[in-house]
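If you read the sequence from its start, that first residue is 1, and numbering goes on from there. On a predicted model such as this, the values are computed, not experimentally measured, just so you know.
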Amino acid sequence: MESRVGTVRKKKLGELLCEKAYLDEAALNVALAEQKVKHRQLGQILIELGYITQVQLNEALAVQAGIERVDLSAVSIGGEIIGLVPADMVSKYNILPLWRENGRLAVAMIDPFQPQVMEDLRLVTGCLIQRYYAEPSQLEHAVLKFYGSNVARMLDNLAPAEQRADENSENGDFSPAKLSELAREPSLVNLVNLIIFEAVESRASDIHIEPFEREVKIKYRVDGVLVEKAPSSKRLHAAIISRIKIMANMNIAERFVPQDGHIEFTGKKGRIDIRVSTVPTVWGEDIALRLLDRSASLIHLQDLGMNHESLEGFSKCLRKTHGIVLVTGPTGSGKTTTLYAALNEIYSPGVKMITIEDPVEYQLDGVNQMPVNPKRGLTFATGLRHILRHDPDIIMVGEIRDRETADIAIRAALTGHLVFSTLHTNDAPGAVTRLLDMGIEPFLLASSIEGILAQRLVRKICPKCKEQYQPDEVLLNSLNGAVKCAADAKFYHGAGCNYCNQTGMIGRIGIFEMLRITGRLREMIPTRPSADQILREAPADHVSMVRDGIGKVLAGITTPEEIFRVAKTIGEDD
């Protein structure tokens with residue numbers, strides 16, 4: 001029988017890394033040969049060669065040194081322990097205090113081999129430090145849970161809570177020169193940059209900074225739902241707004257008229273284009289920032305989540321030689337993404353494609369893209385007139401906003417062009433009535449329109465915490481009103497985990513309604529039919545948005561609650 005002493009042999013670093021499958025024997029031998037020549041630490045050589053990461057090295061070194069690994073997923077930390085270590089130290093060193101016992105403070109660390117960190121902690125807390133190793137993702141979530149976000153900590157540093165309580169509800173009535181001075185302070189510059197960085201890291205599509213009587217609310221829209229972050233002091237409102245206006249080349253002296261601007265921001269993954277809009281409110285300027293990630297890749301038509309009938313119907317429209325194809329839905333419902341996917345699908349070097357957009361969200365290879373510029377007189381209507389002189393085969397108009405644009409687009413479709421555009425309506429039949437209300441001649445619309453795709457975006461269930469559950473009885477009855485669900489139908493939702501930030505949902509997918517314009521519908525349009533009349537005469541392959549959504553519920557992609565949140569009011573299926 002082996003002696004106990006033999007079992008505690010200290011394993012070599014390379015051996016530990018191979019055991020964890022971070023490294024193979026061949027790579028280890030290359031690094032060992034390099035070490036004989038350079039006489040440096042093996043871990044650093046492995047990192048330089050690209051064989052392992054710093055995180056993997058830290059984990060192996062912790063095991064080698066006998067430093068215990070701590071699971072932070074269910075840890076509970078008292079307020080008195082949080083108070084021992086300042087937030088800026090936690091953020092700077094990537095550490096988290098855990099508990100105190102007999103004059104020793106247990107601290108979770110990503111890198112437990114930094115003597116300076118140990119010394120600083122000992123001086124600040126007056127305790128001996130007991131190190132524990134923690135996974136970076138677990139530590140990040142735990143710090144967020146117990147200390148709040150970086151933005152929250154910075155806001156508190158700039159305007160501490162006790163100071164906010166004593167503030168009068170001032171309206172930030174500073175001179176333009178003073179506003180410009182405040183907005184250029186390094187602390188304010190860093191704060192605004194951090195707000196944008198955090199929004200990008202959170203996968204947010206929008207940032208909203210909303211002033212109220214005693215505070216300023218900061219909200220991120222993640223997967224279509226607003227998430228409220230730590231509020232800012234009212235004292236900082238004017239400076240934050242002015243900083244964003246300077247970045248967007250807007251007039252900081254004008255606070256009583258809506259303004260629009262544009263920021264080009266460089267994030268970790270590449271360039272982010274930001275559309276900025278301000279509106280005056282009772283308590284000051286409300287500002288909204290729409291984030292457009294230029295580094296995001298284009299989605300293929302087949303990956304949008306269309307059901308078979310909608311995809312087949314939409315594809316038929318794309319194969320037309322002329323006519324107008326519309327994509328409808330509210331702001332932020334993925335209309336532009338669908339149009340880009342369509343253009344990408346039918347692109348050929350043998351056809352000329354021109355788009356006019358506000359703004360150009362993604363660059364498409366081989367497609368001429370024109371951004372509108374109202375300040376210089378380049379609107380959708382004027383741009384579309386000039387586009388027609390360039391002999392295009394396919395035209396994409398970012399949005400039909402008025403009768404003039406609609407009229408030119410429809411006449412272009414009648415003169416041999418395939419035209420794509422978007423319209424803000426609740427459902428597909430509503431697009432016909434909307435265009436008629438704009439003043440389009442019914443016979444022109446009937447002759448030109450080929451298909452209408454309506455869409456919404458719903459959140460997907462988090463794959464990490466997906467579990468079966470029983471929905472509310474009222475909800476099930478409503479579902480059965482739209483689509484008859486089998487008695488043994490299974491429903492899923494997300495329980496909530498660190499991966500999805502405890503929401504149970506992560507990412508989004510489209511739900512669609514495709515209305516092909518058949519001969520019968522063309523005959524009806526000159527009679528100015530209602531949306532309900534159009535729906536009754538829809539072709540047999542028509543699938544309503546609610547039915548498509550319920551199909552995704554039964555497939556375990558999303559939840560019934562999500563479908564009813566987004567789409568149940570559309571054309572109520574009774």
Side-chain angles (χ1 to χ4, degrees), residues 248-251 254 257-264 273-279 290 292 294 320-332 335-340 342-343 346-347 351-425 431-432 434-445 447-450 452:
N249 293 316
M250 294 158 78
N251 183 357
E254 181 56 78
V257 173
Q259 293 188 64
D260 293 308
H262 173 254
I263 298 170
E264 284 194 3
D273 273 11
I274 304 174
R275 280 186 273 175
V276 183
S277 177
T278 68
V279 291
R290 166 67 61 87
L292 304 170
R294 286 288 179 87
K320 301 280 186 182
T321 56
H322 61 272
I324 186 164
V325 180
L326 296 172
V327 180
T328 77
T331 302
K335 300 186 297 296
T336 306
T337 302
T338 299
L339 284 180
Y340 280 162
L343 292 178
I346 60 176
Y347 170 74
V351 298
K352 177 153 187 171
M353 294 184 178
I354 306 182
T355 74
I356 178 163
E357 306 170 57
D358 182 21
V360 173
E361 294 188 18
Y362 304 98
Q363 273 89 37
L364 298 169
D365 288 338
V367 179
N368 300 284
Q369 294 173 272
M370 180 196 305
V372 301
N373 192 339
K375 289 180 183 175
R376 298 185 176 231
L378 179 55
T379 62
F380 280 118
T382 54
L384 192 48
R385 277 200 193 88
H386 288 281
I387 282 173
L388 291 172
R389 295 171 192 162
H390 284 247
D391 188 30
D393 299 290
I394 297 167
I395 302 166
M396 194 264 268
V397 183
E399 185 185 339
I400 292 177
R401 294 178 180 171
D402 51 49
R403 178 182 173 175
E404 188 182 11
T405 308
D407 201 45
I408 301 167
I410 283 169
R411 291 181 187 276
L414 288 169
T415 54
H417 303 90
L418 184 58
V419 181
F420 296 96
S421 191
T422 70
L423 200 62
H424 285 209
T425 63
V432 174
R434 174 88 175 96
L435 288 168
L436 293 174
D437 288 343
M438 276 185 180
I440 300 299
E441 290 293 341
F443 71 92
L444 291 178
L445 182 60
S447 304
S448 60
I449 194 158
E450 293 294 339
I452 306 160

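Ile410 approaches Ile324 most closely through the heavy-atom pair CG1-CD1, 4.3 Å. Val419 approaches Ala413 most closely through the heavy-atom pair CG2-N, 3.9 Å. Contact between Ala431 and Ile452 at its shortest, heavy atoms only, is CB-CG2, 3.8 Å. The minimum heavy-atom distance linking Leu414 with Ser447 is given by the pair CD2-CB, 3.6 Å. Closest non-hydrogen pair, Lys335 versus Leu423, comes out as CD-O, 4.1 Å. Thr379 and Thr382 get closest at one heavy-atom pair: N-OG1, 2.8 Å.
Using a 4.5 Å heavy-atom cutoff, the side chains of Asp273 and His262 are in contact. The shortest side-chain heavy-atom distance between Met396 and Met353 does not fall under the 4.5 Å cut-off. Between His417 and Asp393 there is no side-chain heavy-atom pair separated by less than 4.5 Å. Residues Asn368 and Ile387 are not in side-chain contact: their nearest non-hydrogen atoms beyond the backbone lie 4.5 Å or more apart. In this structure the side chain of Ile400 reaches within 4.5 angstrom of the side chain of Met438, judged on heavy atoms. Annotation: side chain of Phe420 is not in contact with side chain of Val327 (no heavy-atom distance under 4.5 Å). Contact check for Leu378 versus Met370: side-chain heavy atoms found under the 4.5 Å cut-off. Residues Leu418 and Val351 have side chains not in contact (no heavy-atom distance under 4.5 Å, counting atoms from C-beta outward).
Around CZ of Arg411, the count of heavy atoms belonging to other residues, nucleotides or ligands within 6.0 Å does not exceed 12. Atom NE2 of His424 is surrounded by more than 12 heavy atoms from other residues, nucleotides or ligands within 6.0 Å.
Taking OG from Ser448 and CD from Glu441, the interatomic distance works out to 12.0 Å, rounded to the nearest 0.5 Å. Put simply, OG on Ser277 and CD on Gln259 are 9.5 Å apart, with the number rounded to the nearest 0.5 Å. From Leu445, atom CG reaches atom CG of Asp407 across 11.0 Å, with rounding to the nearest 0.5 Å. The structure places CG of Asn249 at 9.0 Å from CD1 of Ile263, a figure rounded to the nearest 0.5 Å. The line from CG of Leu444 to CD1 of Ile449 is 12.0 Å long, rounded to the nearest 0.5 Å. Of the inter-residue distances, the one linking Met250 atom CE with Asp260 atom CG reads 6.5 Å to the nearest 0.5 angstrom.
Between Leu326 and the choices Leu435, Val397, Thr422, the side chain to side chain contact (heavy atoms under 4.5 Å, CB included) rule is met once, by Leu435.
In this structure a side-chain-to-backbone donor-acceptor pair under 3.5 Å is missing from Glu450 to Lys320. Between the side chain of Thr355 and the main chain of Val367, no donor-acceptor pair closer than 3.5 Å is present. Looking at Gln369, its side chain never comes within 3.5 Å of a backbone N or O of Glu357 through a donor-acceptor pair. Using a distance-only test at 3.5 Å, with no hydrogens or angles considered, no donor-acceptor pair links the side chain of Lys352 to the main chain of Asp391.
The stretch residues 365-379 participates, sequence neighbours left out, in no salt bridge (charged side-chain N to carboxylate O under 4.0 Å, His left out) pair at all.
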Margin query: One pair to check against salt bridge (Lys or Arg N to Asp or Glu O under 4.0 Å): Glu361 and Arg275. What are the steps and the verdict?
Written below: CA-CA 10 Å; Glu361 294 188 18; Arg275 280 186 273 175; 3.3 Å; yes
